[in-house]
Amino acid sequence: MVDKKRWAVAAIALASAVLGSIGTQLYYESSETPHPSTRLNSKTDRSKPPQPLWNIKSTTEETEVSEQQPPAEPAAPPPPEVSLENPPQVKPMRDEVARDLHTTPQMLLRFAEKLASDMQGAFENQEQRYKVSRQLIACARAQTNEPAVSARALCLANFKRLKSKFPEELGPSFYSLLAELPEDILIVAGADKASEEK
């Protein structure tokens, strides 16, 4: 029982570590705002100054300060259900990241939790392992509705974990998947073609 809890905690910790750095990357990847490290440092490259929270109206007789209410944010639609068959999509992830840049999107955290429970079954049962490995491959390949890069990388990272435990059973599928995936997915997932093939 303790080992199951440790695996669950380890899976969530791995997901949090991977996802923590992905939120900002996803935001800059999906928006028109350039990443601060890639912006030019020139006098013409200045962003707008922040807008004040109040308007100051002055007259010759007295100064009047009126508070301006911030615009009400539209109610967010309910988040779609995520699973290995339905990984987080790019558009909803962008919306979550735009609302809060400094936290991992809840959609991605729910996906990681669901993935952790599926992985637990895959480590214990061969039928479940076959089913989950096929779903992880499909998710990493982005065969359904353009999953976010971070979700695809999370699928690859978990398939790598599963392959390390069952190399003879899953090794050929893993190496063929590595050959198909773009470099950005491999980098985010921490899977390097050269080091994996050794």
Side-chain angles (χ1 to χ4, degrees), residues 7 10-32 34-35 37-38 79-97 104-123 126-198:
W7 274 109
I12 291 172
L14 174 65
S16 296
V18 170
L19 301 176
S21 64
I22 292 174
T24 303
Q25 178 188 356
L26 180 65
Y27 171 76
Y28 286 116
E29 197 175 88
S30 64
S31 72
E32 295 176 8
H35 192 278
S37 65
T38 60
E81 193 60 37
V82 292
S83 65
L84 274 173
E85 296 86 20
N86 184 29
Q89 305 301 308
V90 173
K91 174 90 172 88
M93 290 273 289
R94 280 185 194 157
D95 295 343
E96 277 193 49
V97 170
T104 303
Q106 290 298 312
M107 183 181 297
L108 202 53
L109 291 175
R110 286 193 317 273
F111 179 67
E113 288 174 1
K114 175 71 174 123
L115 188 56
S117 68
D118 289 348
M119 287 293 290
Q120 185 66 36
F123 279 111
Q126 187 174 10
E127 283 182 35
Q128 182 72 10
R129 181 168 44 256
Y130 179 78
K131 176 184 172 193
V132 169
S133 66
R134 295 298 145 224
Q135 291 171 337
L136 288 169
I137 290 170
C139 170
R141 283 183 180 153
Q143 294 177 342
T144 57
N145 301 331
E146 298 183 35
V149 169
S150 51
R152 293 177 64 194
L154 196 55
C155 289
L156 178 61
N158 278 279
F159 189 54
K160 179 181 173 183
R161 283 184 49 226
L162 204 54
K163 186 266 317 173
S164 67
K165 182 80 172 172
F166 306 98
E168 282 112 25
E169 186 178 341
L170 299 174
S173 298
F174 178 75
Y175 295 120
S176 118
L177 179 62
L178 279 183
E180 297 174 27
L181 294 177
E183 196 68 29
D184 60 340
I185 304 287
L186 300 177
I187 290 169
V188 175
D192 181 19
K193 289 179 185 179
S195 66
E196 293 296 333
E197 291 174 358
K198 290 181 182 177

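Atoms considered below: every heavy atom in the structure, side chains included; atoms not considered: hydrogens, waters and symmetry mates.
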Is there a side-chain contact between L108 and E96 (heavy atoms, below 4.5 Å)?
no

Is there a donor-acceptor pair under 3.5 Å between the side chain of K160 and the backbone N or O of G190?
yes

With side-chain contact (heavy atoms from CB on, under 4.5 Å) as the criterion, how do Q126 and F166 come out once you've worked through the C-alpha distance, each side chain's angles and the decisive distance to 0.1 Å?
CA-CA 10 Å; Q126 187 174 10; F166 306 98; over 6 Å; no

Testing the basics here: between V82 and K114, what is the closest heavy-atom pair and its distance to 0.1 Å?
O-CG, 4.2 Å

Distance from M93 atom CE to M107 atom CE, nearest 0.5 Å?
7.5 Å

For the residue pair P172 and P167, what are the closest heavy atoms and their distance?
CD-O, 4.2 Å

Taking all heavy atoms of E81 and all of N86, pick out the closest pair and write down the distance.
O-ND2, 2.6 Å

Distance-minimising heavy-atom pair for F159 and S133
CE1-CB, 3.5 Å

With sequence neighbours left out, what residues match E169 under salt bridge (charged side-chain N to carboxylate O under 4.0 Å, His left out)?
R129

Starting from the C-alpha separation in whole Å, work towards a yes-or-no answer on side-chain contact (heavy atoms from CB on, under 4.5 Å) for D95 and K91.
CA-CA 6 Å; D95 295 343; K91 174 90 172 88; 3.2 Å; yes

Under the side-chain contact (heavy atoms from CB on, under 4.5 Å) rule, what do R134 and S173 come out as? Steps first, then yes or no, please.
CA-CA 9 Å; R134 295 298 145 224; S173 298; 3.6 Å; yes

Atom CZ of F174 and atom CG of L156: how far apart are they, to the nearest 0.5 Å?
5.5 Å

Please give me the minimum heavy-atom distance between A140 and C155, naming the atom from each residue.
N-CB, 4.0 Å

F111 and C139, any side-chain heavy atoms less than 4.5 Å apart:
yes

Rounded to the nearest 0.5 Å, how far does CG of L177 lie from CZ of R141?
6.0 Å

Any side-chain heavy atom of K131 within less than 4.5 Å of one from D118?
no

Can you name the closest pair of heavy atoms from Q128 and A122 and give their distance?
CG-N, 3.5 Å

State, with a plain yes or no, whether a side-chain heavy atom of L115 is found less than 4.5 Å away from one of L136.
yes

